[in-house]
There are 2 protein chains.
Amino acid sequence: MKFSTKVRYGLKALVDLSMNESETPVMASHLAEKQAVSVKYLERILNSLKKAEIIKSVRGCHGGYVLNKKPEDISIYEIYVAVEGDISVSPCSMGDCPRHIACYASNVWGEINSKIVDILKDYDLATVIERVDDELSF
Amino acid sequence: MKFSTKVRYGLKALVDLSMNESETPVMASHLAEKQAVSVKYLERILNSLKKAEIIKSVRGCHGGYVLNKKPEDISIYEIYVAVEGDISVSPCSMGDCPRHIACYASNVWGEINSKIVDILKDYDLATVIERVDDELSF
DNA sequence: TCCAATCTATACCAATATAGTAGGAAATGT
DNA sequence: ACATTTCCTACTATATTGGTATAGATTGGA
């Protein structure tokens with residue numbers, strides 16, 4: 001039940017991007033430095049976010065990344081799916097149980113799965129940023 | 001975000017146990033056979049459930065396992081914790097973030113974590129059994 | 001035009017976690 | 001005493017995650 005580093009680094013990068021006041025895009029290397037993570041690894045994560053159209057990229061010299069949506073329109077669910085693929089708490093929950101006969105539980109896992117998805121759809125980047133401000137305010 | 005086989009096999013075993021009408025305990029080998037899983041592996045899972053006092057065991061000849069609580073008093077959360085230890089969606093959510101400075105997100109992960117815990121606390125074995133009956137009824 | 005800076009793509013490797021196996025010790029009914 | 005069954009612990013194989021490396025494509029600017 002853990003979120004991977006991809007999700008966590010990705011979310012952090014989005015927070016940093018959303019705090020970029022200037023019009024110029026932010027470089028991967030700059031974002032990576034902030035969280036003490038390898039540039040190359042973060043680049044791949046940013047690329048997934050780009051393909052999901054959560055951010056835009058500018059290639060070449062002075063390039064970088066910018067948000068492609070308002071923070072309130074980016075859910076943690078969206079971020080998760082962008083970097084990890086769809087959420088499935090068990091092989092059964094997506095209806096492709098490998099143990100056809102023994103596996104009785106598709107309804108159960110399916111229900112739990114969709115409840116977790118709902119939580120993550122509810123939680124948007126704007127809310128995350130509020131929480132960051134909270135933390136910084138002491 | 002996947003549930004491990006421990007959780008899934010454990011839950012299935014509990015369903016089977018709760019359907020045991022007789023007074024005699026059910027052997028690990030019998031439970032294992034039903035889900036086509038290795039006896040040795042399931043034994044360990046059952047042992048975790050026993051230590052959490054979800055089931056009782058009878059050792060020796062004609063021994064086996066029986067439920068120690070009513071199905072409506074056994075939550076999936078309890079089962080999860082019994083076999084896997086406490087739930088934590090990220091290193092941050094339990095307050096022991098390894099990246100002290102860069103990690104801002106403890107509130108965020110903590111909130112998500114406790115919402116997931118709530119879902120799993122809400123979902124009890126009795127409900128699971130209802131779903132099983134649903135599946136069997138067509 | 002050419003170079004440095006930057007994103008893109010893909011292949012590879014290492015560390016960790018999960019899943020499963022094995023062997024035997026301890027308990028218990030017959 | 002013995003067969004049966006749970007309990008304990010160490011080991012191994014496999015899959016997933018996390019991270020690195022290399023080369024290529026694109027762009028702005030000297």
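Throughout, a chain's letter reflects where its sequence line sits, starting with A, and its residues are numbered from 1.
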The reported gap from CD1 in B:Ile76 to CD1 in A:Ile112 (rounded to nearest 0.5 angstrom) is 3.5 Å
note: B:Lys56, atom NZ; D:dT5, atom C1'; distance rounded to Å ~ 18 Å
Residue set satisfying side-chain contact (heavy atoms from CB on, under 4.5 Å) with B:Ser29, at least two apart, ordered chain then number -> B:Met27, B:Val39
With sugar-phosphate taken as primed atoms, P, OP1 and OP2 and all else as base, the protein-contact string of nucleotides 21-30 of chain C at under 4.0 Å (heavy atoms; B, S, -) is BBBB-BBBSS
What residues 45-52 of chain B contributes to the DNA chain D interface at heavy-atom separation below 4.0 Å is B:Asn47, B:Lys50, B:Lys51
Note: contacts of residues 20-29 of chain B with DNA chain D (heavy atom, under 4.0 Å) are B:Met27, B:Ala28
In this structure, CG of A:Asn113 is separated from NZ of A:Lys115 (nearest 0.5 Å) by 12.0 Å
Fill in: Short side-chain N/O contact to D:dT17 OP1/OP2 from A:Tyr9, under 4.0 Å
no
Just list the side-chain donor-acceptor pairs under 3.5 Å for residues 57-72 of chain A, sequence neighbours left out, or say none.
{"unit_1": "A:Asn68", "atom_1": "ND2", "unit_2": "A:Glu53", "atom_2": "O", "d": "3.0"}
{"unit_1": "A:Lys69", "atom_1": "NZ", "unit_2": "A:Glu78", "atom_2": "OE2", "d": "2.5"}

Picking from D:dG19, D:dC7, C:dA19, the nucleotide nearest the side-chain atoms of B:Thr5 would be C:dA19
In short, side-chain hydrogen bond (donor to acceptor under 3.5 Å, both in side chains) pairs touching residues 116-126 of chain B with sequence neighbours left out are A:Glu111-B:Tyr123, B:Asp124-B:Thr127
Output for pair (B:Leu125 CG, B:Leu11 CG), nearest 0.5 Å, gives 6.5 Å
B:Leu42 CG to D:dT5 P, in whole Å, measures 15 Å
Applying side-chain contact (heavy atoms from CB on, under 4.5 Å) to B:Lys6 and not counting sequence neighbours gives B:Ser4, B:Tyr41, B:Ile45, B:Val83, B:Glu84
Whole-Å distance, A:Glu33 CD to C:dT6 P, equals 12 Å
Contacts satisfying side-chain hydrogen bond (donor to acceptor under 3.5 Å, both in side chains) that involve residues 15-26 of chain B (not counting sequence neighbours) are B:Lys12-B:Asp16, B:Asn20-B:Ser22, B:Ser22-B:Thr24
To the nearest 10 degrees, the angle between the two end axes of the helix from C:dT1-D:dA30 to C:dT30-D:dA1 (five pairs per end) comes to 0°
From CZ of B:Phe3 across to P of C:dT18 the rounded distance in Å is 13 Å
Across all chains, not counting sequence neighbours, the salt bridge (Lys or Arg N to Asp or Glu O under 4.0 Å) partners of B:Lys40 are B:Glu43
Applying salt bridge (Lys or Arg N to Asp or Glu O under 4.0 Å) to A:Lys56 and not counting sequence neighbours gives none
Taking OP1 and OP2 of C:dT8, is either one under 4.0 Å from a side-chain nitrogen or oxygen of A:Ser57?
yes
OH (A:Tyr9) and CG (A:Leu46) are apart, to the nearest 0.5 Å, by 13.0 Å
d(B:Ile87 CD1, B:Ile116 CD1) to nearest 0.5 Å is 7.5 Å
Between the OG atom in A:Ser75 and the CD1 atom in A:Ile119, the distance rounded to the nearest 0.5 Å is 12.5 Å
A:Lys2 atom NZ is separated from C:dA17 atom P, nearest whole Å, by 9 Å
Is the backbone of B:Ser88 close enough, under 3.5 Å, to the side chain of A:Lys2 for a donor and an acceptor to pair up by distance? yes
Atom CE of A:Met1 and atom P of C:dA17 are separated, to the nearest Å, by 17 Å
